[in-house]
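Lettering of chains follows the sequences in order, A, B, ..., and the numbering in each one begins at 1.
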Amino acid sequence: MCKYVAVMVDLPVEQVDKPFTYKVPDRLKKDVEIGRRVIVPFGRRKIEGYIIDIVEEVDFDTKDVINIFTSFQFFNQELLDLAKWISEYYQCYLISALKAIVPSGKNKIKTKRVIKLAQSIAQSKEIINEMNGRAYKQIEVLSYLVENPNLLLTSTELAQKVDTTPSTIRALVDKGFILYQVEEVRRNPCSHLNFKTTKALSPTEDQQIAIKEISNSLAEEESSTILLKGVTGSGKTEVYLQAIAKVLEAGKETIVLVPEISLTPQTISRFKGRFGNQVAVLHSQLSTGERFDEWRRIKECNVKIVVGARSAVFAPFNNLGLIIIDEEHESSYKQDDHPKYHAREVAIKRAELSDAVVLLGTATPSLESYHRTQIGEYKLIELPKRVDDRPLPEVEIIDLREELKSGNKTMFSELLQEELKDRLAKGEQSMIFLNRRGFSTFVQCRECGHVMECNDCDVSLTYHANPTILQCHYCDYKEDVPNTCPNCGSIYIKYFGVGTQKVEESLKELYPEATIARMDVDTTRRKGAYQQILSSFKQGEIDILVGTQMIAKGHDFANVTLVGVITADTALNLPDFRAGERTFQLLTQVAGRTGRGDKEGKVIIQSYTPEHYSIQLAQEHDYKSFYQLEIGTREIALYPPFTHLINITMSNEDEDKVIKVSNQLGEILSAEMNKIDGEDIMLLGPVQAPLAKVRGQYRWQLLLKGKDLSQLRLLTSQALTELKDLSTLKSVRVSVDVDPLGML
DNA sequence: TCACATGTAAAG
DNA sequence: TTTACATGTGAA
Ligand SMILES: [Zn+2]
Ligand SMILES: [Zn+2]
């Protein structure tokens, strides 16, 4: 038995996107299992791969497997089937899908040099007493170590903690009081946090009904999807927690997906507080080895619940009962690079393969999901009221055109200014929200109008204040802010546009006595800074918090009674069929940040197009009407959920080549469409991509639209094969995105 | 004729 | 992606 194995080699190329068979030498037979990582000879060299099948007989010559990694099985049959589905659905190589599933990289054990006391705690205390008072920093360091002997900090970290430099630590090492020790880094990202254990709350009537319905679905032991639509502050998390408890009772496992930016200690503690160390966390920021470690922990320890971002949908469970997707509508569930999967769709597929239940939670369902409840594909459960019957906040809309007419040239309307003043007087807190898209700050010359742009991308460089620098958001290119215009030499070159810094500055001018903080990429770059700002806001040390998307996510700030949105319609101007949906979701989300305590909340939305239904209906908290209107326009314009889209992007540093290939592919596609009588299929383009150039690569795109996705996929793959045979311009990159979220 | 550059197909 | 082999080119 186990004579041969079928291996997918780790090479993302069309020609090797098929299994290769190898003979297993006797010494390795005991380690043969699907999902193991192997080393095999490939051509004249060695290569890594994964076992995807075990075969008893072959009718051709084979080479021998060189080695099988014994660490663990990277995927089981169920995850392999899921990978196969992904590769087919999203048109990528099987190996790419597999690599999305397994923890990335090698089992590199990361080490660091940590500081430990050289003597026992008691002895160290004595040393402290006997030390020369002049070495007060050394005493501080030593005392810190005596109090926190298990922290295992590196010398830089320790120096930071006690506000000194590593040289102090060096001195202590030389004296023999402490020593360096190399430790394996096996980080448990939240182990240092103390979690308040919580008991199940007694649910509200609506929650009770929701839990009951979910339990019923779980009991069926048959795959199904439930959409839990609950207004902001309606207590969705408690429903999740009690649903998980039911899954645990049945001896099964749960995956909880939350959007990347919501994966904070607060979120994690909600789950750890209830279920303790049965919970593991899978960040996607975890580095190579760390993710590997967490995987090992999940497999080896008694982990029953995994909380994580997008990729946690692949958590290595064998007896999955439930997958929860919080904020189901969030666009971060779609992966940006290949394979461009959507975690919601993958979750539904995975649930189908393991007879599990998917629970989608949100206040503002994606059009797709709500539509599926209407046609009976998903079950719909609603939580229409906030807990304790708190009212939804009052929303007022300000027409910025009117403001301007009446002579207000600031970015804050009269009303917003008054309300801010009022909150400051009452000692209540406010949040000011800026939609990041369309809100870049750019540097422009006042004399000749020259705008500082990225050489490699078709965008202007963004101005950052701290440190002062110009940066490209697409390729990370950085340069110093010029003192003179590179075009005309004028010294009147300065930054324009509204950024969070600018809002913060203006607020400081308006309310010099207020404490104002800002939360954006600049202020949260430092590790832990995000947490720090949030917690000091929560403690009431900050009166006004200015921020981007980051502050819109489900934090509970009881004392926030005012939310201002500087301009609501920036997203509306984008060439994207989801613009209306995005705007509605964002406004609802932001509005939900207020009135979560005993005091009522108020929301002020400033807009240049206040008549737009996304804004009007967000004011009314009226999702249903919004859905009705939006679904109507989608149906007429033949956009999802009534059709599927496939976006094909061509890119190369030579735009002529890109255009040539785009045209070629466009022609092949139309020819194929005629052949297969593709009347239901529409081809748009080729057109220049909305982001015409990124990292020096020019981009053109083709968009396919049609009711039958498998027909679309077949068409693309056929056309691409044909293109490969035909085209001489092989250097042009062709990238396929199935179900793209936007048009970019 | 050799040394090196460039293209192309194949990988069990 | 790496590699071998085929084919092509220019200088000696
Ligand atoms: Zn750039
Ligand atoms: Zn100029």
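- For Thr721(A), there are no side-chain hydrogen bond (donor to acceptor under 3.5 Å, both in side chains) partners two or more places apart in sequence or in a different chain.
- Side-chain contact, Gln688(A) with Glu655(A): a donor N or O sits under 3.5 Å from an acceptor N or O.
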| field | Sugar-phosphate or base contact per nucleotide [nucleotides 5-11 of chain B; S, B, -; heavy atom under 4.0 Å] | value | -----BB
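- Residues passing the side-chain contact (heavy atoms from CB on, under 4.5 Å) test with Asp654(A), sequence neighbours excluded: Asn652(A), Asp656(A), Lys657(A).
- In this structure Phe314(A) satisfies the ring pair (Phe, Tyr, Trp, His ring centres under 6.0 Å) test together with Tyr341(A), sequence neighbours excluded.
- Applying the side-chain contact (heavy atoms from CB on, under 4.5 Å) rule to Arg733(A) yields the partners Ser651(A), Ser735(A); only residues at least two apart in sequence or on another chain are considered.
- Taking the 5' to 3' direction, DNA chain C first and last meets chain A under 4.0 angstrom from a heavy atom at dT1(C) to dA4(C).
- Counting only residues at least two apart or on different chains, the ring pair (Phe, Tyr, Trp, His ring centres under 6.0 Å) pairs with a member in residues 6-29 of chain A are Phe20(A)-Phe42(A).
- Between Ile47(A) and Arg44(A), the residue whose closest nucleotide on DNA chain C is further toward the 5' end is Ile47(A).
- Using a 4.0 Å heavy-atom cutoff across all strands shown, Thr21(A) reaches at least one base atom of the nucleic acid.
- Contacts classified as side chain to side chain donor-acceptor pair (under 3.5 Å) and involving residues 84-98 of chain A (residues at least two apart or in different chains) are given here: Tyr89(A)-Asp739(A).
- Not a single ring pair (Phe, Tyr, Trp, His ring centres under 6.0 Å) links Tyr698(A) to another residue, sequence neighbours left out.
- Distance Asp53(A) CG to dG12(B) C1': 14 Å, rounded to the nearest Å.
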